[in-house]
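Letters go in sequence order (proteins before strands), and every chain restarts at 1.
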Amino acid sequence: MTVAVPVWDHMISPVLDTARLLRIFEIADGIPGAYHEYPLPDGAANKAAMIAEHAEVLVCGALSAELEQALRGHGVSVHPWIMGEASVVIAGFAGGEIHSLEYSMPGCRRRGRRGRGPHCARHGSRRMNGA
Amino acid sequence: MDGPMDTRETDIILDSITDGVFTVGGDWRITSFNRAAERITGVERADAEGQLCSYVFRASICEGGCALRRTMETGEPVMNLPIYIIRADGRKIPVSISTALLKDRDGAVIGGVETFRDLSVEEELKRELASRASFEDMVSRNHRMQELFALLPAVAESAATVLVTGESGTGKELVCRAIHSLSPRAGGPFVTVNCAALPDTLLESELFGYKAGAFTDARTDRAGHIARADGGTLLLDEIGDISPALQVKLLRFLQEKEYQPLGSERTEHADVRVLTATNRDLAALTGTGEFRQDLYYRINVVALDLPPLRERREDIPLLAAHFIDHFNRLTGRAIEGITDAALAALLEHDYPGNIRELENAIEHAFVLCRGGRIRPEHLPAAFRPVSAMAAGDSSGTIRDCEIAAIMHALRTNGYNRTAAAHTLGIHKSTLHRKIRAFNLDLPDTDGRSIIE
């Protein structure tokens, strides 16, 4: 599986719409391999097309509805609202733990309450349903 | 209230204001987050505090252009910078931000404070106003243009010939296209002929068509533009440039709706609504005999005059925004707008090329601007302003404006520091300090040897 994450310094980029660098790596048998990095273009359409060209899965921070729609239109499986150190997130994703609380952006978590916003609800589904 | 306020009192005050306010420590983690910040971002205070501000605020400038970082590094505040943030539902919320250093009672810097205002309502109002200012791909708030917009539906509905006048680049063809698209002929063809682009003999054959053998290269019959516009609208652009001989033939067509292709003895008929456009003064040309008076009166049934852009400067910001949207769509990019300084440069220009010149300037800026907002240095040289420095750029480049002002003063005073300081209205020692602080690269001469 080819996975892409936008990175800024050593962290997951906070906003994909303005992210400048994309890290691509392969996950085989739950283990992330070596990665390559590519500059990201401007504009939702260009960005989505470039990501789709390099990866099947995207793990990212915040992104606009427009960009998310463009990515899904290209068939990319999007896991948004994720934060943290890139290497830790990648390991978490490889281990199937990406939707646990520690990786979720503030506002997409639950503290015994329903989460805010339809996007967070969709992608943090276990937590949002009373878990 | 005596003595300094305690934290509780400060929280009460911060929670009562409508602007979002948050503070960060030196580690960029949120240390306070007021109620308005919760409302605008959609993130609760309990979730925000202790988190990295970029993961809470999710702003368009977090990566690579953080205003708070700039303030904490330089000590200079940022005021009213328009950006956007992304809420958890994926909506981009326009906000304007201001930043300042956070200091303790002893004046030591302990972090930063950022305030932000939700501009959603303001942006929506701007969009509403813009939609009222637009008509059939044309945008204007100018009263003369608004009067013209109001006339167009009635003009379109009629079959009258129209003469559209105005300088080059004022949008004459756009007006004609609007007339066609509003008319009962909207489903038919819209054919444009530039009468100035072709020599007269070629123009005649292009307009009326020709039969095979009509002239040396006429190997087959060819329909002219009039035939191609049958059922629709024909725009004769630059009609002031056609020869007297062709004017006669054109007059016959306008009067009788009949014409003869070159080399044909048969008279053809065409159901065509004719619009004409020119940047020349046809009334004056009738006086000199260059333009037939009977033809002038035939085409001047309805006259629409477009003002030059320098007479409708209030439209420049609107048009600039319109072209930025246009080129963003065309290029798939996301240029966010234009800085106050660049807009000031656009407003100062005289526009001999009118709207077309403004469009070209924005297109030029798109080549040089790699992201964010268009700045003065992205504009063509003819727009490069000196006075735009006085526009008070509020985009966060106050430092850039200060450097530009210093460099301009030095250049115009031959790098004489004393004279440049006098021009800037500051003491010479202040100028020297700023040259060192900004690390300006200057010629070795201090100008004293240049000024005799």
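- In this structure B:F327 satisfies the ring pair (Phe, Tyr, Trp, His ring centres under 6.0 Å) test together with B:F366, sequence neighbours excluded.
- With a threshold of 4.5 angstrom between heavy atoms, B:T41 does not approach chain A through any atom at all.
- Applying a 4.5 Å heavy-atom cutoff, the residues of residues 8-16 of chain A that approach chain B are A:W8, A:M11, A:I12, A:S13, A:P14, A:V15.
- Annotation: salt bridge (Lys or Arg N to Asp or Glu O under 4.0 Å) contacts involving residues 28-45 of chain A, sequence neighbours excluded, comprise A:R23-A:E37.
- Applying the 6.0 Å contact sphere to CD of A:E66 captures no more than 12 heavy atoms from other residues, nucleotides or ligands.
- The contact between B:L52 and chain A is made entirely by side chain atoms (from C-beta outward), counting heavy-atom distances below 4.5 Å.
- Between B:F57 and B:E114 the shortest heavy-atom distance is CE2-OE2, 3.1 Å.
- Between B:D19 and B:T115, the side chains place no donor N or O within less than 3.5 Å of an acceptor N or O (distance only, hydrogens not considered).
- Here A:F93 pairs with A:H79 under the ring pair (Phe, Tyr, Trp, His ring centres under 6.0 Å) rule; sequence neighbours left out.
- For the set B:N328, B:I86, B:I61, B:I335, the entry with the most heavy-atom pairs within less than 4.5 Å of chain A is B:I86.
- In this pair, B:H326 and B:F323 present their aromatic rings perpendicular. The plane angle is above 60°, beyond the 30 to 60° band.
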